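Below is one structure, written out as structure tokens; the observations come after it.
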Amino acid sequence: NAGVTQTPKFQVLKTGQSMTLQCAQDMNHNSMYWYRQDPGMGLRLIYYSASEGTTDKGEVPNGYNVSRLNKREFSLRLESAAPSQTSVYFCASSSLSFGEQYFGPGTRLTVT
Amino acid sequence: KNEVEQSPQNLTAQEGEFITINCSYSVGISALHWLQQHPGGGIVSLFMLSSGKKKHGRLIATINIQEKHSSLHITASHPRDSAVYICAVIYGGATNKLIFGTGTLLAVQP
């Protein structure tokens, strides 16, 4: 089992460009999450999906959109990237909503 | 004031020492997580607890809901325990949210 996979691992964008971060899990988990991690700020929840077909805002949703494509996949889209979105992005999944979470390896995004 | 505060922010220990990391929170919660982030960046879930105490190997987590406080203990610490330890709380109530502390950086020296 691969667990939680994320692509890409690294990305550099110019201000105003768009991109989608991909996340997939093979553990048949119901819930999936997107976090960002900034120095000195800790992890912050962007969006989550408690179950297939549902999505909810977390603590810092502005500037992002998500799609729960199916039970396995949960993508995060930046429509018009800004330097403030420079961060490391982690995807996670859990069997129960906000239960024990399994994290992906992260995507390091730089917006110039 | 942060809703989740961890102490200490940084901790250096000698191999074999008993280590305690604390987490205090200011909101009503339904459960609390302890996570470990390795120097390479990977994050692993250690415990999820809503009452009492849990033990896994050399790691012990306790929570006191009334006092809004949790501790993570490491017995017989080893250099491989060097990592950032992160506490996160799940808000109770109608809308579940997850709020993280900023982490405790632990360095265990041989």
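Owing to the predicted nature of the structure, the values given are computational and were not obtained by experimental measurement. We name chains A, B, ... by the order of the sequence lines, and we start the count at 1 in each one.
In this structure, Val89(B) is a member of the same hydrophobic cluster as Tyr85(B), with clusters built from ILVMFWY side-chain heavy atoms closer than 4.5 Å. Under the 4.5 Å side-chain heavy-atom criterion for ILVMFWY residues, no single connected hydrophobic cluster contains both Tyr89(A) and Tyr35(A). Under the 4.5 Å side-chain heavy-atom criterion for ILVMFWY residues, a single connected hydrophobic cluster contains both Ile74(B) and Ile63(B). Under the 4.5 Å side-chain heavy-atom criterion for grouping Ile, Leu, Val, Met, Phe, Trp and Tyr, Ile99(B) is not connected to Ile46(A) through any hydrophobic cluster. Note on Trp34(B) and Leu59(B): same hydrophobic cluster, where clusters join Ile, Leu, Val, Met, Phe, Trp and Tyr whose side-chain heavy atoms are under 4.5 Å apart, directly or indirectly.
In this structure, chain A has heavy atoms under 4.5 Å from both the backbone and the side chain of Ile43(B). Residue contact with chain B, scored on non-hydrogen atoms closer than 4.5 Å, is absent for Tyr33(A). Heavy atoms closer than 4.5 Å to chain A are found nowhere in Gln9(B), neither backbone nor side chain. For a residue to count as touching a neighbouring chain, one of its non-hydrogen atoms must lie under 4.5 Å from one of that chain's; by this rule Leu46(B) does not touch chain A.
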- Under the side-chain contact (heavy atoms from CB on, under 4.5 Å) rule, what do Phe90(A) and Gln37(B) come out as? Steps first, then yes or no, please. CA-CA 12 Å; Phe90(A) 288 96; Gln37(B) 185 165 25; 3.7 Å; yes
- Please lay out, stage by stage, how Thr102(B) and Met41(A) fare under the test side-chain contact (heavy atoms from CB on, under 4.5 Å). CA-CA 6 Å; Thr102(B) 54; Met41(A) 297 285 293; 6.0 Å; no
- Task: Evaluate side-chain contact (heavy atoms from CB on, under 4.5 Å) for Tyr48(A) paired with Leu98(B), printing each intermediate quantity in order.
- Result: CA-CA 10 Å; Tyr48(A) 67 101; Leu98(B) 194 59; over 6 Å; no
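Here the CD atom belonging to Glu59(A) is positioned 7.5 Å from the CD atom belonging to Glu3(B), to the nearest 0.5 angstrom.
When all heavy atoms are compared, the tightest approach of Phe98(A) to Met48(B) is O-CE, 3.7 Å.
No more than 12 heavy atoms of other residues, nucleotides or ligands lie within 6.0 Å of CD in Glu67(B), so this atom counts as exposed by the packing criterion.
Residue-level contacts of residues 100-109 of chain A with chain B, in order of numbering, are Glu100(A), Gln101(A), Phe103(A); threshold 4.5 Å between heavy atoms.
Distance alone, capped at 3.5 Å, is enough to place a donor-acceptor pair between the Lys97(B) side chain and the Lys57(A) backbone.
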